Chemist: 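Let me begin by handing over the structure; questions about it come next.
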Number of protein chains: 2
Amino acid sequence: MKATTTVSKRNSKEIPDIVIGRLPVYLRTLRLLADEGRDVTSSQELGGHLGISSAQIRKDLSHFGEFGKQGTGYNIAFLCNQLQKILNVDRVWPIVLVGAGSLGNAIANYAGFESRGFRIVAIFDEDKKKIGLEMGPVFVDDFANLKERVEETGAQISVIAVPTHVAQRVADQLIQAGLTSILCYAPITLTVPPHVRVEYIDPVIHFQHMTYYLG
Amino acid sequence: MKATTTVSKRNSKEIPDIVIGRLPVYLRTLRLLADEGRDVTSSQELGGHLGISSAQIRKDLSHFGEFGKQGTGYNIAFLCNQLQKILNVDRVWPIVLVGAGSLGNAIANYAGFESRGFRIVAIFDEDKKKIGLEMGPVFVDDFANLKERVEETGAQISVIAVPTHVAQRVADQLIQAGLTSILCYAPITLTVPPHVRVEYIDPVIHFQHMTYYLG
DNA sequence: AGGTTCTGGTGCATTTTATCACAAACAAGC
DNA sequence: GCTTGTTTGTGATAAAATGCACCAGAACCT
């Protein structure tokens, strides 16, 4: 296994975003294999699990270095480590959550973030009845205190779990407060400046994708 | 506006899945515009909202028919209607949900499904303490009754909102019961037969995608 | 030691996806 | 009715993503 001293883009050629998007899936799967006590795997096995070709996995990884060994495959622990460094999840990122409804509550109570690099450090709501409630690891805070908390915690990532009609306004304020990454659960496409990255989770989009094929 | 008598694949050439995946986003956005009282829009306006090119929108739609009018654009209500037919959401699909934890509770209590073509018709759990609880529109049922309820309701779509370590087993039983579409919230790639479609929601995948760029 | 079987990395071919750019259709003003 | 300004639908083109096929390195068996 050739030592790749630094984990970085192999060349400084830009790596396709679609490749980056698959790395977390590889990482998740590798850690599951590790949990099963496995030590090594191959691009073929991994591809089989994920329903993608082994060539794609090899090519994706080759953007960042040479992590495998011919004839053997990949050392799972080592590859996990490398992927974590590539994705910058070899640390824990603070996240602020807006919306203390049932969805916010579910997110706040989810125990699986920490081991994968994330921690909810604040939850905000505008409803006075919600403020002060204990939810998951923290207490619900007044959304008016957003900026203050962002500065304290150094958070860059946020989650929007509020009703659709206030989502854009919330997004504007998150950006105003300095957040640069937003995961939006509201079923709306947000308008944001170019330096802000938004990703979306909307189950109905998935359902509608499915029903196309259900005829 | 040329009458497209049937809403169907223009040609019987297969339409790319990636195109299908964008249609629900178009539909969502169009309905938001309709809610704002707008009557017509253009591929350019729509593309501006969504951050994609107008050409892509036109080409995507052109797979299914001619829905616009030169010089004017698209009639929003009409296009919504057509997209709903294309996606088969001009009806309401029954959905069964497995997992009555806080995530299951959030999903069950979400009021936004019905207007977009879906209704939770059953919630299952194995925990005796959960069974019988009222959750959203229904009462939590014993997972052992799955097959029976699926037959009663005619459901084809299911949602997995259970802990990772039971997700595969739950998926197996859903498939066993005849479900063919699964939306999986557990952070695991399921192994399923070819006739079953699975989509995934895992916020951590999105977070890790973001942190790559946060360096 | 030598042959056999794996498996990763990679250049090249293929397929898929996105963009360009333009004719035709329509609206509106004059 | 003619001209001007839009906007669609689409063939052609460009770009991106995927898959193929093979070489070299490594393990393992005899």
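No hydrogens, no waters, no symmetry mates; every other heavy atom, side chains included, goes into these values. Because the structure is predicted, anything quoted here is derived from the model rather than measured. Order of the sequence lines sets the chain letters (A, B, ...), proteins ahead of strands, with each chain counted from 1.
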Chemist: Which label fits F124(A) and F143(A): parallel for a plane angle under 30°, tilted from 30 to 60°, or perpendicular past 60°?
Modeler: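 Answer is perpendicular, since the angle exceeds 60°.
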Chemist: Can you tell me how far the OG1 atom of T191(B) sits from the CD1 atom of I175(B), to the nearest 0.5 Å?
Modeler: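 Answer rounded to 0.5 Å: 9.5 Å.
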Chemist: Between dT16(C) atom P and I15(B) atom CD1, what is the distance in whole Å?
Modeler: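 That distance rounds to 15 Å.
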Chemist: Side chain of K59(A), base of dG9(C): donor and acceptor closer than 3.5 Å?
Modeler: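 There is none.
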Chemist: Is any side-chain nitrogen or oxygen of S53(B) closer than 4.0 Å to OP1 or OP2 of dA18(C)?
Modeler: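 So the side-chain polar atoms of S53(B) never come under 4.0 Å of the phosphate oxygens OP1 or OP2 of dA18(C).
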Chemist: In whole angstrom, give the distance that lies between atom CD1 of I20(A) and atom P of dA16(D).
Modeler: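 Rounded to whole Å, this separation is 15 Å.
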Chemist: Please confirm whether the shortest side-chain N or O distance from R22(B) to OP1 or OP2 of dA18(C) is below 4.0 Å.
Modeler: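 Answer is yes, contact under 4.0 Å.
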Chemist: For L61(B), report the nucleic acid contact type (base, sugar-phosphate, nothing); a contact means any heavy atom under 4.0 Å.
Modeler: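 If one applies the 4.0 Å heavy-atom cut-off, L61(B) turns out to touch nothing in the nucleic acid.
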Chemist: Base, sugar-phosphate, or nothing for I52(B), non-hydrogen atoms under 4.0 angstrom?
Modeler: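 Here I52(B) touches no strand at all.
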Chemist: Is it the case that Y213(A) and D17(B) place a side-chain donor and acceptor less than 3.5 Å from each other?
Modeler: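 The criterion, which ignores hydrogens and geometry beyond distance, is satisfied for D17(B) and Y213(A).
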Chemist: Would you please confirm or rule out a distance under 4.0 Å between OP1 or OP2 of dG9(C) and any side-chain N or O of Y74(A)?
Modeler: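 Answer is yes, contact under 4.0 Å.
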Chemist: Walk me through it: do D90(A) and K85(A) pass the test salt bridge (charged side-chain N to carboxylate O under 4.0 Å, His left out)?
Modeler: CA-CA 5 Å; D90(A) 53 349; K85(A) 284 184 195 162; over 6 Å; no
Chemist: Would you call the rings of F64(A) and Y212(B) parallel, tilted or perpendicular, taking 30° and 60° as the class edges?
Modeler: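 F64(A) and Y212(B): perpendicular rings.
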Chemist: If each of D17(A) and S54(B) is mapped to the nucleotide of DNA chain D with the nearest heavy atom, which maps nearer the 5' terminus, i.e. the 5' end?
Modeler: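 So the residue in question is S54(B).
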Chemist: Scan side-chain atoms only and decide if R58(A) and S43(A) contain a donor-acceptor pair under the 3.5 Å cut-off.
Modeler: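 A donor-acceptor contact under 3.5 Å links the two side chains.
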Chemist: Nearest to the side chain of K69(A), heavy atoms from C-beta on, is which of dT18(D), dA18(C), dA26(D)?
Modeler: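 Between dT18(D), dA18(C), dA26(D), the one nearest the side chain of K69(A) would be dA26(D).
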Chemist: Rounded off to whole Å, could you give me the CD-to-C1' distance for the Q44(B) and dC20(C) pair?
Modeler: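 Those two atoms, CD and C1', are 14 Å apart.
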Chemist: Can you measure I76(A) atom CD1 to dT7(C) atom P for me and round it to whole angstrom units?
Modeler: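 So the two atoms are 13 Å apart, to the nearest Å.
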Chemist: Could you check how far CD of Q56(A) sits from P of dG8(C), rounded to whole Å?
Modeler: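 Between P of dG8(C) and CD of Q56(A): 15 Å.
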Chemist: For Q70(A) and dT10(C), what is the distance between atoms CD and P respectively, to the nearest whole Å?
Modeler: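 Rounding to the nearest Å, CD of Q70(A) and P of dT10(C) are 9 Å apart.
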Chemist: Does S43(A) put a side-chain nitrogen or oxygen below 4.0 Å from OP1 or OP2 of dG8(C)?
Modeler: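 Answer is yes, contact under 4.0 Å.
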Chemist: Counting side-chain heavy atoms from CB outward, which of dT17(C), dC20(C), dA17(D) is closest to P16(A)?
Modeler: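 For the P16(A) side chain, the nearest candidate turns out to be dA17(D).
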Chemist: Without decimals, in angstroms, what is the distance between H63(B) NE2 and dA18(C) C1'?
Modeler: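 It works out to 11 Å between those atoms.
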Chemist: Are OP1 or OP2 of dA21(D) and a side-chain N or O of R58(A) less than 4.0 angstrom apart?
Modeler: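 No.
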Chemist: Please state how far atom CD in E66(B) lies from atom C1' in dA25(C), giving the value in whole angstrom units.
Modeler: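 These atoms are roughly 11 Å apart.
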Chemist: When you measure from the side chain of A55(B), which nucleotide among dG8(C), dC20(D), dA21(C) comes out closest?
Modeler: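 Minimum distance to the A55(B) side chain belongs to dA21(C).
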Chemist: Any side-chain N or O of T72(A) under 4.0 Å from OP1/OP2 of dT7(C)?
Modeler: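 Answer is no, no contact under 4.0 Å.
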